Amino acid sequence: MARVKVIYASKHGSTREIAEAITDELRAAGQAATCVPAGEVHGLGDCDAVVLGSAVYMGRWRHEAKHVLRRHGPALEAMPFWVFSSGPVGDPAEEQEGAEKWLEPRRVIERAEELGVREHVVFGGSVSRDPHGFVERSMARNTPEEFQDRRDWEQIRAWARNIAAELGALVT
Ligand SMILES: Cc1cc2nc3c(=O)[nH]c(=O)nc-3n(C[C@H](O)[C@H](O)[C@H](O)COP(=O)(O)O)c2cc1C
C-alpha cells in the first residue's frame with residue numbers, strides 16, 4: 001500500500017472536488033491516500049507518491065500549486081507523481097484555434113516533465129457557482145447551462161484507478 005498525497009490548488013472548489021474524487025478512488029483501490037490543499041504542504045517526506053493538480057486561470061496554475069512543484073522538486077523527482085490541470089468550460093465545439101495554450105501552462109508541464117512526471121492530464125472545469133467580480137459573473141452568465149460543469153467524473157475516477165494500478169505494480 002502506498003501513501004499518496006493528493007495535492008490541489010482551487011479558487012472556487014471545483015478542483016478540490018476533483019482531488020477528493022481521486023482520493024476516494026485511490027482509497028477504494030487500497031491505497032493510503034490523503035487530500036491536501038497545496039498551501040498546506042510543508043514537506044513530502046511522509047508520502048510515497050503524489051498527485052498534484054491545479055485550477056487554470058488565464059493560462060496559469062494557481063501560485064500555491066506552482067510553489068509545490070518548485071519548492072519540492074527534488075522530492076517529487078525521487079517518487080512517482082502525476083499532474084492534472086482543470087479548467088475548460090463552455091462549448092468544446094466553439095473552442096478557438098490555439099486554445100491549447102490556455103489548457104495547461106507550458107512551463108509548468110515542462111518542469112513536471114523534467115522531474116519525471118508519469119502523466120499529465122487536463123480535466124474539464126466548472127463555472128463558479130459563486131462568481132465574484134465582472135469577469136466571473138459574465139463567464140457564468142454567458143456559458144450555456146449544459147457546458148457550465150465539464151468535469152467528467154468517470155474520466156477522473158478512471159484516471160485515479162490507473163494510478164492505483166501503477167502504484168500497485170511499483171510499491172508492494
Ligand atoms: C477569470 C477566469 C479565467 C479563466 N481562465 C482559464 C484558462 O485560462 N484556462 C482554462 O482552461 N480555464 C480557465 N478558467 C476556468 C476555470 O479554470 C474553471 O472554472 C475551474 O473549474 C475553476 O476551478 P476552481 O473552482 O477549483 O477554482 C477561467 C475562469 C475564470 C473565472
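For ligands, and for the atoms within them, numbers begin at 1 and follow the listed sequence. Throughout, residue positions are numbered sequentially from 1 according to the sequence presented. A quick note: this is a predicted structure, and the numbers were derived from the prediction, not measured.
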Considering all heavy atoms of both residues, which atom of [X] and which atom of [Y] are nearest to each other, and what is their separation?
X: Arg27; Y: Thr34; result: NH2-CA, 4.0 Å
X: Phe81; Y: Gly116; result: CE2-C, 3.9 Å
X: Val6; Y: Ala19; result: CG1-O, 3.6 Å

Give the residues near ligand 1 by chain and number, with the criterion being a heavy-atom distance under 4.0 Å. Ser10, Lys11, His12, Gly13, Ser14, Thr15, Ala55, Val56, Tyr57, Met58, Gly59, Ser86, Gly87, Pro88, Trp102, Gly125, Ser126, Val135, Glu136, Met139
Side-chain donor-acceptor contacts of residues 51-73 below 3.5 Å, not counting sequence neighbours, with atom names and distances?
| unit_1 | atom_1 | unit_2 | atom_2 | d |
| --- | --- | --- | --- | --- |
| Ser54 | OG | Arg62 | N | 2.9 |
| Trp61 | NE1 | Ser85 | OG | 3.0 |

Rounded at 0.5 Å granularity, tell me how far NZ in Lys5 sits from CG in Asp48. 11.0 Å
Would you give the length of the straight line joining atom CD of Glu136 to atom CG of Asp130, rounded to the nearest 0.5 angstrom? 8.5 Å
